[in-house]
Amino acid sequence: MLLYNSATRRRDEFIPNEAGKVSMYTCGPTVYHYAHIGNLRSYIMEDVLEKYLRYAGYDVTRVMNITDVGHLSSDADTGEDKMLKGARREKKTVMEIAKFYTDAFFADCKKLNIKTPDVVAPATSCIDEFIKVIESLLEKGFAYEAGGNIYFDTSKLKQYYIFNDFREEDLEVGVREGVEEDGNKKNKADFVLWFTKSKFDDQELKWESPWGIGYPGWHIECSCISMKYLGESLDIHCGGIDNAFPHHTNEIAQSEAYLGHKWCNYWFHVHHLNTNSGKMSKSSGEFLTVSLLEEKGYDPLVYRLFCLQSHYRKSLVFSYENLDNAAIAYNKMIARVLSLLKEEQGEIDNESFDALKARFCAALDNDMNTALGVTAVYDVLKAKTTPATKLKLIEDFDRVLGLDIVPAARKQYDAEKAAAEQAASDPFIQEIEDMIRQRAEAKKAKNYALADEIRKTLSDKGVTLIDTPQGTKYTID
Ligand code: AMP
Ligand code: ZN
């Protein structure tokens, strides 16, 4: 399997540290607001990666944090804690906000068929681990205290910038537009490991530490939570592309300084969902949620299909027109599976099964080409093989795609069957259908007077007939 690795900037053959096992870490949401559909694009694509690794036979352990403290409104450790901002906005406590938006996040994930990771750890549950690692970084000379805060000293590293070959001075958060400089930092790229009073007036969540009462920086959270649950060597680290710098760059700096060896082998970054006016972001205040799409009548899985139809390393522009096209494609797929369910099933044809499955795997093995993975479903629908083989293949692919294609078709099939059974046991429906048959015969015999009379009799009973190319349908008042 080839997987693009942001650290090497090429598609690498995926080889885990331990044969057959994969450790995977995902940066979780900052729970100060609803997740927007841009955030969820990242989680959908990471979910497909996890599911494909499992499908390919790996035993995956996936860990995700919940950022409930320490993520400041600016990447450069300035501004206030986003959680505090959320709490103030809603006149609630930080923990109330965290609980509410964590639950909302998982409710959205459920609707989108995003599996909950094996371990979900709120940052506030791992304070002791953060303190332990920061103490060690201080001992090793990779960190220093200034103005009451503890900073990571990036000048102590052989290489700090990992993910790109831009000019260093363009990347330094300290010189980014609109970002005020922190005078305590020895180097512009240094970042905070532990904040103390000098960084807040009324921070709600704070803990005792060897450096005074304070709270952890956002970056140290992910390094420590990953090491706590997945050990000293990580196979895959995931996140949206905006996390590559500074968040993931800082994670690598502090984890490798602490461990004294390489930490993570593959970096999987999902590119952004944009609107016509740029990146969708929570801080801009203008964003779309899954609930909003539902209110507009979209099945959340239509959004999942919309994401799968494009490559995770390309930015994706959201528009309702594109979402409508995904809805049409989704409904067509379900309708075609529904007609398969109505056919004589036949035997499983193993040869066709293997050939069509190989196409699906080739798409996903090639740096998670989910668009071609979806095309493989159409290939199955068009293939010259038995309905039983087709259904088995689509169910098999859906373990990765997570679109519920067969269950949705079965639901429609069962509903149609139940309606037919109900009609068969309802004397009024029987009478209507008998009269429709008599009317068809009358028309065939050119007895239009009788046909009209039947229409009138039914109309008097509140039944309106509608002649269509597929036969006569009716509505009952
Ligand atoms: P946050 O809740 O802000 O910590 O972000 C959660 C995840 O969503 C992170 O992996 C971000 O990199 C990712 N993310 C943020 N904005 C977007 C976007 N517009 N498109 C895709 N992913 C995003
Ligand atoms: Zn993270």
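Both counts, for ligands and for their atoms, begin at 1 and track the order of listing. Just so you know, these numbers use all the heavy atoms, side chains as well, and skip hydrogens, waters and symmetry mates.
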inquiry  = For a side-chain contact (heavy atoms from CB on, under 4.5 Å) check, start with the C-alpha distance between Glu204 and Asp81, then their side-chain angles and the critical distance, and finish with the verdict.
reply    = CA-CA 10 Å; Glu204 203 182 301; Asp81 190 320; over 6 Å; no
query = Would you call Lys115 and Glu50 a side-chain contact if the rule is heavy atoms closer than 4.5 Å?
reply = yes
Distance-only N or O hit between ligand 1 and [X], under 3.5 Å:
X      : answer
Gly38  : yes
Leu273 : yes
Ser42  : yes
Cys27  : no

Side chain Lys185, main chain Asp190, donor-acceptor under 3.5 Å = yes
message = Closer than 3.5 angstrom, by distance alone: can the side chain of Asp367 be matched with the main-chain N or O of Leu3 as a donor-acceptor pair?
response = no
message = side-chain contact (heavy atoms from CB on, under 4.5 Å) for Phe397 and Leu364? Distances and angles first, verdict last.
response = CA-CA 11 Å; Phe397 299 174; Leu364 276 291; over 6 Å; no
task = Identify which one of Tyr161, Trp263, Trp267, Tyr160 satisfies the ring pair (Phe, Tyr, Trp, His ring centres under 6.0 Å) criterion when paired with His248.
result = Trp267
note = Looking at Asn274, Val31, Ile241, Asn39, the heavy atom closest to atom 5 (O) of ligand 1 belongs to Asn39
Selected option - heavy-atom contact closest to atom 9 (C) of ligand 1, from Asn243, Ile37, Thr30 = Asn243
inquiry  = With 2.8 Å as the threshold, which protein atoms of type N, O or S lie near the Zn ion (ligand 2)? Leave waters out.
reply    = Cys27 SG, Cys222 SG, His247 NE2
